[in-house]
Each structure stands twice: as structure tokens, then as C-alpha cells.
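What you see is a predicted model, and the numbers here were worked out from it, not measured in a lab.
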Amino acid sequence: GVDLRGNTRKRRPAGVGKFRTRIVNGQREITSGREIEARKFHFIRHCPLVKIQMAQGDDAHPFAPASVDHGHRNEFRRQPVVKQCRAFDELIYDDAEKAGGKKYAEICSASYRQVISAHKLFTDKEGNLLWFSKENNSNGCVNTVDLTYPSAPLFLVYNPELQKAMMTSIFEYSASGRWNKPFPAHDLGTYPIANGQVYGGDMPIEEGGNMVILAAAISKIEGNADYVKKYWDLLTTWTNYLVEYGQDPENQLCTDDFAGHWAHNANLSIKAIMGVAGYSEIAHILGLNSVAERYADIAKKMAMKWEEMANE
């Protein structure tokens, strides 16, 4: 087989810059600061310049750190960036090898590039980061939530800011009132038009569970709910939908939409249960202890019922 680590040390495809980390209480901590923020997105800035058309003319523009030099000195700036990219390759490989051995490390060395290359970094008019994905082998949907979810481990571990940047536009779409269903949208449009869902069918429990679980994961990783608390009302609405319909799902689509609509989806039910439990965790972090206890109890009862139904 090919030794990806040995090969990439000599000829590594450029990835994102190294995200400086340190281990604190068993968790990887991302350091911040103006210099680091500029560096870690430096490579992404060199993607083709295509703006995203959003609702009401509020276009999102490609992210461009202020430190980027567009003049003749770019070549002199390239080597430090390449060095950071190689260091990040090493970090991915070493972490994966420790977790699952050489074969797993080789898979991760290739797959993390594929995940990142399906995204482009933008900012909205308020300066919020927007990390838009594109479905490249189907219908070109922007920011499909059930693609955000399976890619989440990479970003939750190495850069939660990018994870939040995938979720902000979905939150804001509902917060704006343009999407008023009691669960999140499936997508934001067809790339590069991101002014509303284009997918023909909703995935209520799939996307509701995804967003609430990810909101809880971010809160747990950061040790606070600062990012999600402004969307607390939305998270409450989505969680209550999971409580009402998630125990034994009716005829709904899930991320395996090639299978069509089907009822009694055990996987969707688990996702709903985990979403309710995640909401309880966020409430606990926010100091809403009675809410946390109530929804934790609901999640436990749903889990017991799920096991009972599975054994029937």
C-alpha cells in the first residue's frame, strides 16, 4: 500500500493551515487571537472567488483575512502556509493512527481533504463566518444539514468555529421568519444561490435531531452556550417536535433519501432521543436546571420505550 504520511511529507496537497491546539483536561483546545485567525484560513482564501447570493440582496462574500498580501510578495508568504498545511497533515495522521492504526490514518489523510474541499468560506454583512458546503454529486444543494452532521467530527475536534459557520445560516434562515416550520430546513438553495430551500421534501426529525445534537456538542466542547443561546427559542421548538413525533416516526424522509419515505425508522427515533438529551445538556449549561431535568427525563423514557419497541 501507499504510505500516505511518507508521501505527503514530500508532496503534500495543501490543506487548511494548522490550527494551534493544546490538550487541556483531556480535550483539544483551539487557541485564538488575530494572528492565528488570519493564518488558519489563509489557504481557503485562494479558492475561486464566487459570492453566494442570499435573500434580499444580502450576498455573502469570500472570506479574505486582512493580512493577505495580494502583491508580488505572495510567493514569499507561500512557504510558511505550506509548512502549516504539512503540519496539519501530520496532526491528522498522528491523531488517526493513535485512534485506529495505520490503515485508519491513511483513510483519514485522504478523506479530510475531500470533506474540506466540498466547502467554501464566506462572511455575511455582519461579519459572521459562513462555511458553505455544496452537494457535488447530486443536485448542488448549499449547506445540506444532513451533510453538515456527518462531517461534524472533523470540525468539532479541530476547529469548532467552522462547525458554527455551517450552522449559523440554517439558524438565521429560521430566525428570519422565512422558514417557519417547527424543524430546520434541509438546505439553503442550489449553489451559489442560497436564498431558500430547494429540496422537494422535508426531513423533519433528521434535520431537527442533527441541529440540536450539534448545538449541544458545540456547547459541551466550548464549556458554554454562548453561541446557541440566541437561538434558544428555535432549539426549543425543534426539540418539542422531536418529543412529539420522534418516538415512532411517521412516514418521513431521512438522510438515506434514496430509500424514499418510510415509517417506524429506528435510526430516526434514536436521533430524536439524542436531540432531546442534547437539549437537556444545553439547558444545564445555561443554568436552566428544571428544564434540563425535565427533558433529560423525557429522553430517558423515550430511550426505554425505544428498547421495548425494538424487542417486540
Side-chain angles (χ1 to χ4, degrees), residues 16 19 30 32 37 40-41 44-45 47 50-65 115-116 118-135 141-181 183-189 191-198 207-222 224-239 275 278-279 282 285-286:
V16 297
F19 308 152
I30 311 298
S32 59
E37 291 300 309
K40 69 185 178 186
F41 299 120
I44 298 171
R45 174 63 182 84
C47 296
V50 177
K51 69 180 180 180
I52 287 283
Q53 179 183 323
M54 301 182 73
Q56 302 171 343
D58 296 334
D59 292 344
H61 295 273
F63 177 84
V115 172
I116 290 176
H119 295 76
K120 183 169 174 59
L121 190 64
F122 296 84
T123 55
D124 63 17
K125 65 180 182 179
E126 283 82 27
N128 296 314
L129 290 179
L130 303 174
W131 184 227
F132 283 131
S133 64
K134 176 189 176 185
E135 291 198 41
C141 274
V142 179
N143 242 31
T144 301
V145 175
D146 54 293
L147 296 186
T148 293
Y149 184 78
S151 71
L154 175 66
F155 302 110
L156 288 171
V157 170
Y158 294 105
N159 194 333
E161 291 303 314
L162 292 181
Q163 183 62 52
K164 289 187 276 189
M166 284 190 277
M167 299 169 63
T168 295
S169 56
I170 296 294
F171 276 129
E172 289 296 330
Y173 185 27
S174 286
S176 71
R178 297 183 62 247
W179 179 265
N180 54 18
K181 297 180 181 181
F183 47 82
H186 167 273
D187 62 85
L188 290 179
Y191 195 93
I193 309 297
N195 56 14
Q197 177 174 307
V198 295
E207 312 304 19
N210 289 340
M211 287 293 288
V212 180
I213 292 170
L214 291 176
I218 288 172
S219 300
K220 293 284 282 186
I221 286 172
E222 296 191 330
N224 62 70
D226 292 351
Y227 170 68
V228 301
K229 65 183 178 182
K230 68 179 289 190
Y231 304 117
W232 183 244
D233 289 345
L234 283 175
L235 290 169
T236 301
T237 298
W238 296 345
T239 301
Y279 179 84
I282 301 172
I285 292 171
L286 287 171

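- Ring centers of W238 and Y231: at least 6.0 Å apart, outside the cut-off.
- At a threshold of 4.0 Å, the pair E207-K181 does not count as salt-bridged, since none of the basic side-chain nitrogens sits closer than that to a carboxylate oxygen.
- Look at E172 and K230 and you find a salt bridge, because one of the NZ, NE, NH1 or NH2 atoms lies within 4.0 Å of a carboxylate O, short of that distance.
- Between the CE atom in M167 and the CD1 atom in I218 there is a gap of 4.5 Å [rounded to 0.5 Å].
- Here OG1 of T168 is found 8.0 Å from CG of D124. Values are rounded to the nearest 0.5 Å.
- Aromatic rings from W179 and F171 are positioned such that their centres are separated by 6.0 Å or more.
- Contact detail for V212 and G275: the closest heavy-atom pair is CG1-O, 3.1 Å.
- With hydrogens and angles ignored, the 3.5 Å screen pairs a side-chain donor or acceptor of T237 with a backbone N or O of D233.
- Once rounded to the nearest 0.5 Å, the distance linking OG1 of T123 with CG of N128 reads 9.0 Å.
- Summarising the geometry of A175 relative to L234, their closest heavy-atom pair is N-CD1, 3.9 Å, with the distance given to 0.1 Å.
- Residues V228 and K164 have side chains not in contact (no heavy-atom distance under 4.5 Å, counting atoms from C-beta outward).
- Within the 4.5 Å cutoff, no side-chain heavy atoms of V145 are placed close to those of L214.
- A pairwise comparison of heavy atoms in E135 and L147 identifies CG-CD1, 3.2 Å as the closest pair.
- Classified by interplanar angle (parallel below 30°, tilted 30° to 60°, perpendicular above 60°), the ring pair H119/W131 is parallel.
- The closest side-chain heavy-atom distance from S151 to M166 is below 4.5 Å.
- For F132 and Y191, the ring centers are positioned 6.0 Å apart or more.
- A distance of 7.0 Å separates OG1 in T239 from CD1 in I282, rounded to the nearest 0.5 Å.
- Side-chain atoms of N195 never come within 3.5 Å of backbone atoms of G189 as a donor-acceptor pair (strictly under, hydrogens ignored).
- Distance check, rounded to the nearest 0.5 Å: CD of Q163 to OG1 of T148 gives 7.0 Å.
- The distance from atom CG of N224 to atom OG of S219, rounded to the nearest 0.5 Å, is 7.0 Å.
- Scanning both residues, A216 and G278, for their nearest heavy atoms gives CB-O, 3.4 Å.
- For K229, the side-chain contact (heavy atoms from CB on, under 4.5 Å) test picks out D226, L286, with sequence neighbours left out.
- Scanning for salt bridge (charged side-chain N to carboxylate O under 4.0 Å, His left out) contacts around K134 gives an empty result, with sequence neighbours left out.
- Residues D187 and T144 form a side-chain contact, since some pair of their non-hydrogen atoms from C-beta on lies under 4.5 Å apart.
- Contact annotation: the side chain of L162 approaches that of L121 to within less than 4.5 Å [non-hydrogen atoms, C-beta and beyond].
- With hydrogens and angles disregarded, a donor-acceptor distance shorter than 3.5 Å links the side chain of Y173 to the backbone of Q197.
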